[in-house]
Amino acid sequence: MNSTTTVAAAPGLRHSRAALFAAVTGFFVITLDAVVVNVALREISLDLGATLTGLQWIVDGYTLLFASCLLSAGAFSDRIGARRAYAFGMAAFVITSLACGLAPTVAVLILARILQGMAAAVMLPASMALIGEAFPDPAKRARAVGMWAMGGALASISGPVLGGMLSLVDWRLIFLVNLPVGAVALIALRRVPRSAHRSVPIDWAGQLTAVTAMGALTYGAIEAGAVGIAAPQTLIAFAVAVVAGAGFIAAERRGQHPMVPLPLLRDRTMAVSIGVGFSYMVGYFGLPFVMSLYAQQERGLSPVETGAVFVPMMLGGAVLTPFIARLSEHFGARTLIASGMTVMAAGLATIAFLPAAIPVWVLAAVMILVGLAGPLVIPTITAVLLNSFDAKRAGTVSGIFNTSRQIGGALAVAVFGSLLARSTTFLQGFSTSLLIAASLALAMAIVATRLPRND
């Protein structure tokens, strides 16, 4: 039996639009659920009695499983076809969103968030594959990918405010809103032709050891804040992370179809890109976590007011985005990436050193610097990375890069939450967290200058 099934014909205009709508909607809800929860943390804590450790896992459960399953998700999409993979992922995302919205306890909410992250990981590569199938013409595909990216940008911009508004009514609505959105996407998907599928090996050993290593490392970082770094459970978690990490390397070195080919990691462009992506997300994901808690616990802002604090930061990045291609051509990718990480470092460090009584609008204004770093860094480093490798490796290269970004976000929440818990005062932990993020960003700004000149 032939292992590959092909679609009968290229999709028509109506089918292409349906595929694009489904893909954009999927990326929107994936991004929304990564950012919307931050402004609802205080309401969740009051309702369910969540501790800081619980709040960290509510955020990190989603990000951690999203990161660790992302590499295998592409192979899964190829194996069963992008249309079926997307339908499976979106259906699972809707069900787990319902579970989040109905969660009676913190433990149930964390479990639902973990499963939601797995569903998001299945959806993301499938949404990109849907676009590739629906738009075979390179020019039209580029425009479609731009619209797909705008779906994520819109979620980032609207997420904090939307989360704040929904939290005023009930924090559970931030998850339940996914139900009608997901249903509409699945209805649109019915107009999309069946996708090709092919037999693609899944690296089960690599996947298992990767989830174990990432989970144990994150658990250890969170527990270090809750019970101390010398506590038995913390030390055991870090030991498990080391053993699982070694197992992952062994699995990838010996496996016939590794999801992370180790020779790729020795490439300078790949190594720098991983470092930049990781460090960027430490700041970009860590800042909303600590700032949301600071705004509501220390400054007494409502969820809506807290969401509004993030709007200038998100809008600043959105305004700059259309000019990035031209800026990259004029100044070179290396300069843009290094400048973006420097700007982020400056913004994070400035916030860390601002007086406690500074007006909130000043905080919002300084956060624009962090928002500007996004378009300067991420699309530019992604283009450099993809242009440096053969097109056949684009999925693997992109998967490794995006996984490093998600790990950075997960560890930022884990480590920064631990610093908040173990510091003498909240402000001390707040400032220390942002200074760590600023230091990483500045270090990677320097490292980015080592990128090859073929930009």
Open item on the list: Checking the side chain of R334 only, and the main-chain atoms of T449 only, is there a donor and an acceptor separated by less than 3.5 Å?
Closed with: yes
Task: Heavy-atom side-chain proximity of F93 to D33 below 4.5 angstrom - done: yes
Open item on the list: Rounded at 0.5 Å granularity, tell me how far CG in L55 sits from OG in S45.
Closed with: 5.0 Å
Task: Any V377 side-chain heavy atom under 4.5 Å of L336 side chain - done: no
TODO: Starting at CG of L111, measure out to SG of C100 and round the result to the nearest 0.5 Å.
DONE: 9.0 Å
Open item on the list: Can a donor-acceptor pair be found, under 3.5 Å and without considering hydrogens, that links the side chain of E252 to the backbone of V260?
Closed with: yes
Open item on the list: For the CE atom of M123 and the CE atom of M90, what is their distance to the nearest 0.5 Å?
Closed with: 4.5 Å
Open item on the list: Looking at every heavy atom in both R172 and L102, which two are closest together, and how far apart are they?
Closed with: NH1-C, 3.4 Å
Task: Full working for side chain to side chain contact (heavy atoms under 4.5 Å, CB included) between I358 and L363 - done: CA-CA 8 Å; I358 198 76; L363 286 173; 3.9 Å; yes
TODO: Let me see the working for Y280 and M344 under side chain to side chain contact (heavy atoms under 4.5 Å, CB included), right down to the final yes or no.
DONE: CA-CA 8 Å; Y280 169 81; M344 170 175 269; 3.5 Å; yes
- [ ] Indicate yes or no: at least one non-hydrogen side-chain atom of V242 is less than 4.5 angstrom from one of F238.
- [x] no
Task: Spacing of CD belonging to Q296 relative to CG belonging to L41, to within rounding of 0.5 Å - done: 7.5 Å
Task: Close side-chain approach of I381 and F401, heavy atoms under 4.5 Å - done: yes
- [ ] Check whether any side-chain heavy atom of L32 sits under 4.5 Å from a side-chain heavy atom of L162, and report yes or no.
- [x] yes
Open item on the list: With heavy-atom distances below 4.5 Å as the criterion, would you say the side chains of L354 and V366 are in contact?
Closed with: yes
- [ ] Can you measure from CZ (F289) to CG (L420) and round to the nearest 0.5 angstrom?
- [x] 6.5 Å
Open item on the list: Between E305 (side chain only) and L301 (backbone N and O only), is there a donor and an acceptor less than 3.5 Å apart?
Closed with: no
- [ ] Answer yes or no: are there more than 12 heavy-atom neighbours, outside M270 itself, under 6.0 Å from its atom CE?
- [x] yes
Task: Criterion side chain to side chain contact (heavy atoms under 4.5 Å, CB included) on L376 and T380, from CA distance to verdict - done: CA-CA 6 Å; L376 287 171; T380 313; 5.6 Å; no
Task: Non-hydrogen atoms of I249 and L262 that approach each other most closely - done: O-CD1, 3.7 Å
Open item on the list: I'd like to check L348 versus L435 (side-chain heavy atoms, cut-off strictly below 4.5 Å). Are they in contact?
Closed with: no
Task: Minimum heavy-atom distance between S433 and L419, given as atom pair plus value - done: OG-CD1, 3.6 Å
TODO: Would you please say whether a donor-acceptor pair under 3.5 Å links the side chains of S292 and N38?
DONE: no
Open item on the list: I'd like to know if the side chain of S167 reaches the main chain of D170, judged simply by a donor and an acceptor atom lying under 3.5 Å from each other, with no hydrogens or angles considered.
Closed with: no
Could you pull out all donor-acceptor pairs under 3.5 Å where a side-chain atom in residues 210-221 meets a protein atom, sequence neighbours excluded?
| residue | atom | partner | partner atom | Å |
| --- | --- | --- | --- | --- |
| T212 | OG1 | L208 | O | 2.8 |
| T218 | OG1 | M214 | O | 2.9 |

Task: Rounded distance (nearest 0.5 Å) linking atom OG of S418 with atom CD of Q56 - done: 5.0 Å
TODO: Taking all non-hydrogen atoms of both residues into account, name the closest pair between S127 and L124 and its distance.
DONE: OG-O, 2.7 Å
Open item on the list: Under a 4.0 Å threshold between the charged nitrogen and the carboxylate oxygen, would D60 count as salt-bridged to R113?
Closed with: no
TODO: State whether the side chain of Y284 and the backbone N or O of G371 hold a donor-acceptor pair below 3.5 Å, judged by distance alone.
DONE: no
Task: Qualifying ring-ring contact (aromatic ring centres under 6.0 Å, His included) pairs with a residue from residues 22-49, counting only residues at least two apart or across chains - done: F27-W148
Open item on the list: Show the nearest heavy-atom pair for residues A67 and Q406, with the distance to one decimal.
Closed with: CB-CB, 3.2 Å
TODO: Please name the pair of heavy atoms, one in A224 and one in T234, separated by the smallest distance, quoted to 0.1 Å.
DONE: N-OG1, 3.8 Å
- [ ] Please identify each residue that fulfils ring-ring contact (aromatic ring centres under 6.0 Å, His included) with F175, with sequence neighbours left out.
- [x] none
- [ ] Count the heavy atoms of every other residue, nucleotide or ligand shown that sit under 6.0 Å from CD1 of I229, and state whether that count exceeds 12.
- [x] no
TODO: Any chance you could lay out the side chain to side chain contact (heavy atoms under 4.5 Å, CB included) test for F430 and I351, step after step, and finish with the verdict?
DONE: CA-CA 10 Å; F430 175 82; I351 296 170; 4.0 Å; yes
Open item on the list: Do L293 and F426 make a side-chain contact, defined as non-hydrogen atoms from C-beta onward lying under 4.5 Å apart?
Closed with: yes
Open item on the list: Under a plain distance cut-off of 3.5 Å, with no hydrogens placed, do Y294 and R299 share a side-chain donor-acceptor pair?
Closed with: yes
